[in-house]
Amino acid sequence: MVEEKLNTRGCVFSLLYSVGSFALACASLSTLDPSDRITVQKGALLISLGFVYFVALTEFLNQLLLRTTIGHSFVKRYRLRVSDVLDITNKLVSAVQAAFSCIAGLFVCRWSCPRNFLHASHFLSESYAWFAASYFFYDLWSMYKIYAAEAALKLKVKLGLQSSAAGDNNNQGGGRNGTAKGDDAAGNGGMEKAATLQALEDIPSVAQGTLSFVTPCKLGIPSFAKYLASHPLMVFHHLFIGSYGLVVISYLRGGLGDCVFSFMFMMELSTPFVSFRSILSVMGLKQSKLYVINGLVMLVTFFWCRVFLMPYVCYYYSQVVNKPFLEAVWNLPWGCKVSILALFLPQLYWFRLMVRGAMKVFFPPKNKRNTTIAANSCANEEEASANGGPIKASQSKDSEIRSLM
C-alpha cells in the first residue's frame with residue numbers, strides 16, 4: 001500500500017499544478033470589466049500559466065495511465081506501448097484545449113456580436129488568445145516526444161534492445177502459450193509494477209539523451225530541429241496560430257472584429273472528434289462502429305466549423321457593411337486577406353484528406369476488398385496462435401503523428 005501511494009504521488013501533484021494554474025489564470029481576470037484590454041504584463045502571466053497548465057495536465061494523464069491500477073489495466077487491455085500512451089495523452093490535452101476554445105468563443109460571440117459586429121469587444125477574446133498560445137508551442141514538443149518514443153522503440157527492436165515497457169509486456173497477462181494460471185500471482189504483480197515503472201523511465205527526455213534540440217539523440221533519433229524541418233505544414237499551422245494569431249488578436253486588429261475572432265475560436269469544435277478518432281486508432285478499434293460513427297461526426301463538424309464557417313463570416317461582414325460579398329472581401333486590408341487564406345487553405349487540404357479516407361471506408365475498391373479480408377484473416381490467425389489471443393493490427397505511427405487541428 002505504501003509503494004502504491006508513492007507511485008501515485010506524482011499523479012496527484014501534477015493534477016494540483018494543472019488545476020492551480022488554471023484557477024490562477026481565471027482569478028487574474030476576475031477584476032476586469034467586459035470591454036477591458038489585456039496588458040502585456042497580464043498576457044505574459046496568462047501565457048506562463050498556460051504552459052504550466054498544459055504541461056502539468058499532460059504529466060497527470062501520463063502518470064494516470066502508467067502509475068495507477070486503473071491506468072495500467074487500460075494499458076494492458078489494449079496492449080499499449082509508451083509511444084501509444086504519449087499519443088493518447090497528447091490527443092486528450094488537444095481535446096481539452098479545443099473545448100476551452102469553443103467555450104471562450106461562444107461566450108465572446110454571445111457578448112460581442114449582438115452589440116456591434118466590428119467594435120464591441122470582450123476581454124476573454126484576448127485573454128484566451130494569450131493562454132492558448134502556449135498550447136501550440138507546447139504541442140510541437142509533445143508531438144516530438146511521441147515521434148522520439150516511436151523511433152526509439154523501432155531502433156531497440158531492430159538492435160535487439162527492446163525494453164520491458166508497459167506496452168511491450170501486455171501479453172504477459174495471457175501467457176505466451178495461454179497458460180498464465182500456473183504463474184505465481186505475487187511474482188506477476190511485481191513484474192507488472194516493475195514494467196510500469198520502467199515505462200515511466202522509457203518516456204523520452206532531454207536528461208536521458210533521448211530528446212535533443214539540435215544534435216542527434218541516442219541511437220540516432222532525429223533532433224527536434226530535424227523533426228520540425230520534416231513536418232513543415234504542421235509546424236506552420238502551430239506557429240501561425242500560436243504567434244501570428246496572438247499578435248493579430250491582441251494588437252494588430254486595433255480592437256476591431258471581436259465577433260469575428262469568436263467564430264475563429266469555435267472552429268475548434270471538430271478537434272475533439274479528430275482526437276478521439278486518433279485515440280480509437282491507437283487502441284486498435286478502427287473496425288468498430290464507434291470509430292465509424294465518430295468519423296462521420298468529425299467529417300460533419302470539420303466541414304461546418306472549418307470549411308463553411310469562414311465564408312459565412314465573410315458573408316456576415318458583407319451584410320454589415322452593406323456591400324456585395326466579393327467587393328466586401330476584396331476591400332479588406334491585405335493583411336486580413338492573407339490571414340484568411342493562410343488559415344482557410346490548410347482546412348481545405350485536411351478536409352480533402354478526410355473525405356478521401358471516408359470514401360475508402362464506405363466505398364472500398366472491389367479488387368482490394370477480398371484481398372484485404374483474406375490478408376487480415378490470415379494475419380489475425382497467425383497472431384492469435386503466437387500470442388495466445390487476438391491483438392490489434394499493426395499501426396504505422398509515422399502516419400498517425402500528424403496534426404489535423
Side-chain angles (χ1 to χ4, degrees), residues 29 32-40 43 98-133 136 236-237 239-271 299-352 354-355 405:
L29 305 175
L32 297 178
D33 292 327
S35 58
D36 286 346
R37 304 293 299 274
I38 301 299
T39 63
V40 176
F100 285 160
S101 179
C102 290
I103 293 172
L106 181 62
F107 194 91
V108 174
C109 181
R110 289 177 61 86
W111 170 270
S112 299
C113 296
R115 286 171 170 77
N116 191 301
F117 180 83
L118 293 177
H119 299 283
S121 63
H122 194 282
F123 69 82
L124 190 58
S125 179
E126 291 184 4
S127 59
Y128 188 72
W130 280 100
F131 186 83
F136 292 96
F236 171 79
H237 173 74
L239 294 182
F240 179 82
I241 300 297
S243 58
Y244 181 72
L246 170 62
V247 173
V248 169
I249 294 176
S250 300
Y251 299 105
L252 296 184
R253 69 186 179 98
L256 300 175
D258 209 37
C259 179
V260 175
F261 289 105
S262 70
F263 284 105
M264 300 302 103
F265 284 144
M266 288 188 285
M267 287 176 65
E268 292 287 345
L269 180 63
S270 63
T271 300
L299 197 64
V300 172
T301 55
F302 195 95
F303 171 77
W304 184 261
C305 298
R306 300 204 177 206
V307 177
F308 172 79
L309 188 61
M310 192 169 296
Y312 171 74
V313 172
C314 293
Y315 170 77
Y316 191 179
Y317 168 74
S318 69
Q319 297 300 302
V320 172
V321 298
N322 197 24
K323 291 182 179 180
F325 176 81
L326 294 179
E327 182 181 351
V329 174
W330 182 255
N331 289 334
L332 286 171
W334 277 103
C336 292
K337 288 184 282 190
V338 172
S339 300
I340 290 173
L341 288 176
L343 187 62
F344 185 60
L345 291 180
Q347 315 304 327
L348 292 178
Y349 170 74
W350 288 322
F351 183 70
R352 174 175 169 270
M354 290 181 179
V355 171
M405 276 58 82

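What you see is a predicted model, and the numbers here were worked out from it, not measured in a lab.
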Quick one: does Trp111's side chain have a donor or acceptor within less than 3.5 Å of a partner on Ser121's backbone? yes
Find the distance between CD1 (Ile241) and CE (Met267) and round it off to the nearest 0.5 Å. 7.5 Å
Show every donor-acceptor pair shorter than 3.5 Å between a side-chain atom in residues 315-344 and any protein atom, with sequence neighbours excluded, or say none if there are none.
| residue | atom | partner | partner atom | Å |
| --- | --- | --- | --- | --- |
| Ser318 | OG | Tyr315 | O | 2.5 |
| Asn331 | ND2 | Glu327 | O | 3.1 |
| Lys337 | NZ | Trp330 | O | 2.9 |
| Ser339 | OG | Tyr244 | OH | 2.8 |
| Ser339 | OG | Gly335 | O | 2.7 |

Calculate, to the nearest 0.5 Å, the distance between atoms CZ and CG belonging to Phe302 and Leu269 respectively. 11.5 Å
Could you give me the CA-CA distance, side-chain angles and deciding distance for Phe265 and Ile103, then say whether side chain to side chain contact (heavy atoms under 4.5 Å, CB included) is met? CA-CA 8 Å; Phe265 284 144; Ile103 293 172; over 6 Å; no
Shortest non-hydrogen pair, Thr271 vs Glu268, comes out as OG1-OE1, 2.6 Å
Would you say Cys109 and Cys259 have SG atoms less than 2.5 angstrom apart? no
What one should report as the nearest heavy-atom pair of Ser112 and Ala120 is O-CB, 3.5 Å
Is a donor on one side and an acceptor on the other found under 3.5 Å between the side chain of Glu126 and the backbone of Ile38? yes
How long is the gap from CG on Leu106 to OG on Ser101, to the nearest 0.5 Å? 11.0 Å
What is the ring orientation for Phe303 with Phe351, classed by angle as parallel under 30°, tilted 30 to 60°, or perpendicular over 60°? tilted
Gap separating the CZ atom of Arg115 from the OG atom of Ser35, nearest 0.5 angstrom: 10.0 Å
Could you pull out the closest heavy-atom pair between Leu124 and Ala104, with the gap in Å? CD2-CA, 3.9 Å
Given Leu246 and Trp130, is the side chain to side chain contact (heavy atoms under 4.5 Å, CB included) satisfied, shown in steps? CA-CA 6 Å; Leu246 170 62; Trp130 280 100; 3.8 Å; yes
Apply the test side chain to side chain contact (heavy atoms under 4.5 Å, CB included) to residues Met310 and Phe263: give CA-CA distance (whole Å), side-chain angles for both, the deciding distance (0.1 Å), then the verdict. CA-CA 8 Å; Met310 192 169 296; Phe263 284 105; over 6 Å; no
Step-by-step side chain to side chain contact (heavy atoms under 4.5 Å, CB included) determination, Asp33 to Phe123: CA-CA 8 Å; Asp33 292 327; Phe123 69 82; over 6 Å; no
How long is the gap from CD on Gln347 to CE on Met354, to the nearest 0.5 Å? 9.0 Å
Measure the CG-CZ distance between Leu348 and Arg306 for me, rounded to the nearest 0.5 Å. 12.0 Å
